[in-house]
There are 2 protein chains.
Amino acid sequence: MKNSRVTIKDIAKELGLSVSTVSRALKDHPDISVETKKAVVELSQRLKYKPNMMALSLKNSRSNIVGVIIPELVHYFFSSVISGIQEVADKHKMRVIVQQSNESFEQEGEALDAFSDGWIDGLIVSISKETSTYEHFDELQAKGIPIVFFDRPIEQDNVDSVVFDDYKGAYDAVEYLLKIGRRSIAHFAGPASTHVGRERLRGYKKALQDNGIPFSEDLVLYADSFEKGGAGVEALVAKGIEFDAIFTCNDFTAMGVLKALKREGILVPDQVAVVGFGDEDIARMVEPPLTTVRQPGREMGRVAMQTLIDKIDKVPTKERVHTLEASIIVRETT
Amino acid sequence: MKNSRVTIKDIAKELGLSVSTVSRALKDHPDISVETKKAVVELSQRLKYKPNMMALSLKNSRSNIVGVIIPELVHYFFSSVISGIQEVADKHKMRVIVQQSNESFEQEGEALDAFSDGWIDGLIVSISKETSTYEHFDELQAKGIPIVFFDRPIEQDNVDSVVFDDYKGAYDAVEYLLKIGRRSIAHFAGPASTHVGRERLRGYKKALQDNGIPFSEDLVLYADSFEKGGAGVEALVAKGIEFDAIFTCNDFTAMGVLKALKREGILVPDQVAVVGFGDEDIARMVEPPLTTVRQPGREMGRVAMQTLIDKIDKVPTKERVHTLEASIIVRETT
DNA sequence: TTGTATGCGTTATCAG
DNA sequence: CTGATAACGCATACAA
């Protein structure tokens, strides 16, 4: 009952044929007679024959498995991306193995190690917040395993990546706030070590500058979680810094901000407008619904996977950096 | 540059040894001389030798890969479970491949098909809402591939499963509502086709009964999403049905309820108390924070994976159904 | 049109 | 202590 797997050999024996004939018949090889083909196909279906992945992989030295390394699965954005990756993978009969770095440089290395046996056909990565050196990717690269980065690419040339136009997304968000009359806009920023953290800050600054609003260090602070968002508001209030809007680097931070604002008795959006980033599930569910910048994660996953497949199949690729639009979704916090 | 994989053969040639000797040296076989061992180990490290997974899998007919089929990854609960699964998998150097059914019976079948090549060592499944027949699992079972169900097991004996005590969770939630003085408690239920849907309803009814509160059909309706939660409240109000509490089958539904209540000008918790189920991320972030029933998803994933590994390794297993506690988390909506 | 031999990377068996 | 060989399941160059 255990090793009840049907192999090409079983069906060859049953039919009095050689394995090669069966193999060819199954692949619809032109050299095989119609009758033989029919017999083989018929029997193989009856026996529910399924080719052995591992044997195929060994033979072709191609596993049809790609690896994915992300910071945390438990995030609407990342799980959307995975869904997009899966969608394209399924179409190509490829499998996806996901490993989490939990935002830790060390765990990222371990995940990479797990893949470095070189049995995956390709890798899709979004680096951890801690990651600032990139040698650990070299080994894979050297082995000729294609890598595509998304959302948080490494700072290096010659890498393929799929990113959002975080700069423009942030610029638009801030410009929108200015348009509705806000003048003292705070930015709760992500870590400067990440591409997205820097780009969003850059967009924020540029929008201010283009609109003749002076930049103030006091209005920018690092806060990229629910808890830090709340603490940020309290810090601002405690220091007596005036502000009439807060633009956060992600929606969870915005949630913390909303909550702290309420605690402080500050009205949203009357006194302070809030704009998040990410359009998490939660954004439309909270009360009031959060204005935020939408990042189509699923789309990003699709593009990343397609790019990777093209690299695996050596399809001549045009661009190395794919930039996806991020667009502002106006709801009731502004 | 392409096929730069180092094999056992390369290091054998380099050292003028046979592959078998190298293989044994690498496995620390007692028959091998210390010097040979040292030389082999040293060179293999220098060459960054990594055994070829596929060859090993083929030889041992064990891939060290397990499959997981879940309804939707984009859910805090399911992604927590996956994290738990991964955690245990990593410890055992096993890999996890996740497929989504998107709550569709058909896609569940396709996912299963993808695994039915029989190259996975085991399978962990939570069935889709649509699934009510279970023949599609038979093929895998027949092949002797162990399956462990979680959260939503199939209605069948002889299956291993990990579930929450949904009955008790619901019972406790309702009893708590009664204790704080609520008498007209509505239940926004999940689909009757799912184990959890039925169990939670059962717990709801029993708690009422044990406390001498008559059960009313009017107070139970099917609503298991953000949108349906809102619609449910409106339906209740439109029909003029009195209620002073709502117990929902999940947190998203509760979010919809909260929002609709606010729209209707009904105060929470003064006029109506709300209890969710799941303790999603969102529950503690909303304002007011949601009272809910916590289901430790990560723990569930850990137990499921450990159970599966035991089955794969033929460890004599005691119980077939593992039941995890679900406990009420009181916050500000009650 | 079909069969034979070989190899993919590894380990286990059996000889030296 | 070490080496040659077969086998895992499949595909393919080469024979027949």
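Residue numbers begin at 1 in each chain, while the letters A, B, ... track the order of the sequences.
- Contact annotation for B:S57: no contact, since no heavy-atom pair falls under 4.0 Å across all strands.
- In this structure, the side-chain hydrogen bond (donor to acceptor under 3.5 Å, both in side chains) partners of A:R298, at least two apart in sequence or on a different chain, are A:E87.
- Residue A:M54 contributes atom CE, which lies 16 Å from atom P of C:dT10 at whole-angstrom precision.
- With sequence neighbours excluded, the residues satisfying ring pair (Phe, Tyr, Trp, His ring centres under 6.0 Å) with A:H136 are A:F105.
- By the side-chain contact (heavy atoms from CB on, under 4.5 Å) test, A:S132 is found to be paired with no residue, residues two or more places apart in sequence or in another chain being considered.
- A salt bridge links B:R302 with B:E299: the distance from a Lys NZ or Arg NE/NH1/NH2 to an Asp or Glu carboxylate oxygen falls below 4.0 Å.
- By the side-chain hydrogen bond (donor to acceptor under 3.5 Å, both in side chains) test, A:K59 pairs with no residue at all, sequence neighbours left out.
- Annotation: side-chain contact (heavy atoms from CB on, under 4.5 Å) contacts of B:V41 (sequence neighbours excluded): B:Q45.
- Counting only residues at least two apart or on different chains, the side chain to side chain donor-acceptor pair (under 3.5 Å) pairs with a member in residues 64-80 of chain B are B:R62-B:N64.
- If you take CD1 of A:I8 and P of D:dT12, they are 11 Å apart, rounded to a whole angstrom.
- Screening residues 19-32 of chain B for salt bridge (charged side-chain N to carboxylate O under 4.0 Å, His left out) gives B:D28-B:K37 as the qualifying pairs, with residues at least two apart or on separate chains.
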Could you check A:Q100 against B:S83 for side chain to side chain donor-acceptor pair (under 3.5 Å), going step by step and ending with a plain yes or no?
CA-CA 8 Å; A:Q100 303 180 62; B:S83 293; 3.0 Å; yes
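- Atom C1' of nucleotide C:dT11 and atom OH of B:Y49 are separated by 10 Å, given to the nearest angstrom.
- If you check residues 15-34 of chain B against DNA chain D, the residues with a heavy atom closer than 4.0 Å are B:G16, B:L17, B:S18, B:S20, B:T21, B:R24, B:D31, B:I32, B:S33, listed by number.
- Taking A:D113 as the reference, nothing meets the side-chain hydrogen bond (donor to acceptor under 3.5 Å, both in side chains) condition, with sequence neighbours excluded.
- Close to D:dT2, at under 4.0 Å from its OP1 or OP2, lies a side-chain N or O of B:T36.
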Can you give me the N/O atom pairs linking the protein to nucleotides 6-8 of chain C at distances under 3.5 Å, or say none if there are none?
unit_1: C:dG7; atom_1: N2; unit_2: A:K59; atom_2: NZ; d: 3.0
unit_1: C:dC8; atom_1: OP2; unit_2: B:K9; atom_2: NZ; d: 3.1

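- A:S18 pairs by the side-chain contact (heavy atoms from CB on, under 4.5 Å) definition with A:S20, A:T21, not counting sequence neighbours.
- End-to-end axis angle for the helix from C:dT1-D:dA16 to C:dG16-D:dC1, using five pairs per end and rounding to 10°, comes out at 60°.
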